[in-house]
Amino acid sequence: MELATVGPSGWPHVVPVMYALSEDGAVAFEFDVDGVKLRNLTSEPRAALTVDAMGPKRGIAVQGRAELIAPDRARLNPDRKFSWGL
């Protein structure tokens with residue numbers, strides 16, 4: 001999965017991250033945050049992620065707002081979802 005956050009300059013910062021689906025029944029993605037990701041999400045919660053599923057013609061993209069759920073963990077709650085080839 002690749003996560004994009006908004007940097008202080010307004011440009012996206014894209015990095016690969018490991019994720020898990022939320023365990024509380026919500027349709028949300030959870031991931032670890034530190035360094036630049038944490039700084040960016042603290043000042044601007046808008047983020048996006050993509051997950052390629054089994055090749056370039058299948059996947060999902062999600063846009064939403066991330067919330068910090070622990071000092072080093074965040075959850076992206078989808079506002080928009082796009083999928084292809086599924």
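Scope of the values below: all heavy atoms of this structure, side chains included, with no hydrogens, waters or symmetry mates.
Taken to the nearest 0.5 Å, the CG atom of L49 stands 8.5 Å off from the OH atom of Y19. Taking CD of E30 as the start and CZ of R75 as the end, the distance is 4.5 Å to the nearest 0.5 Å. The distance from the CE atom of M1 to the CD1 atom of I60 is 11.0 Å, given to the nearest 0.5 Å.
Pairing each heavy atom of V6 with each of E44, the nearest pair is CB-CG, 3.7 Å. Summarising the geometry of V33 relative to R73, their closest heavy-atom pair is CG2-N, 3.8 Å, with the distance given to 0.1 Å. The minimum heavy-atom distance linking E2 with V14 is given by the pair CB-CG1, 4.1 Å. Closest heavy-atom contact between A47 and L41: CB-CD2, 4.0 Å. Here the shortest heavy-atom pairing between A28 and N77 reads CB-OD1, 3.6 Å.
The environment of R39 atom CZ is dense: over 12 non-hydrogen atoms of other residues, nucleotides or ligands sit within 6.0 angstrom. Atom CZ of F31 sits in a crowded spot, with more than 12 heavy atoms from other residues, nucleotides or ligands closer than 6.0 Å.
Both L38 and V15 sit in one connected hydrophobic cluster of ILVMFWY residues. Membership requires side-chain heavy atoms under 4.5 Å apart, directly or through other members. Hydrophobic clustering places L21 together with L76 (ILVMFWY residues linked when any side-chain heavy atoms are closer than 4.5 Å, directly or through intermediates).
Between N40 and P8 the shortest side-chain heavy-atom distance falls below 4.5 Å.
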Start with the C-alpha distance between K81 and V62, add both sets of side-chain angles, then the distance that settles side chain to side chain contact (heavy atoms under 4.5 Å, CB included), and finish with yes or no. CA-CA 5 Å; K81 298 176 273 188; V62 176; 4.2 Å; yes

Derivation and outcome, side chain to side chain contact (heavy atoms under 4.5 Å, CB included), residues D32 and M18: CA-CA 8 Å; D32 291 335; M18 298 290 292; over 6 Å; no

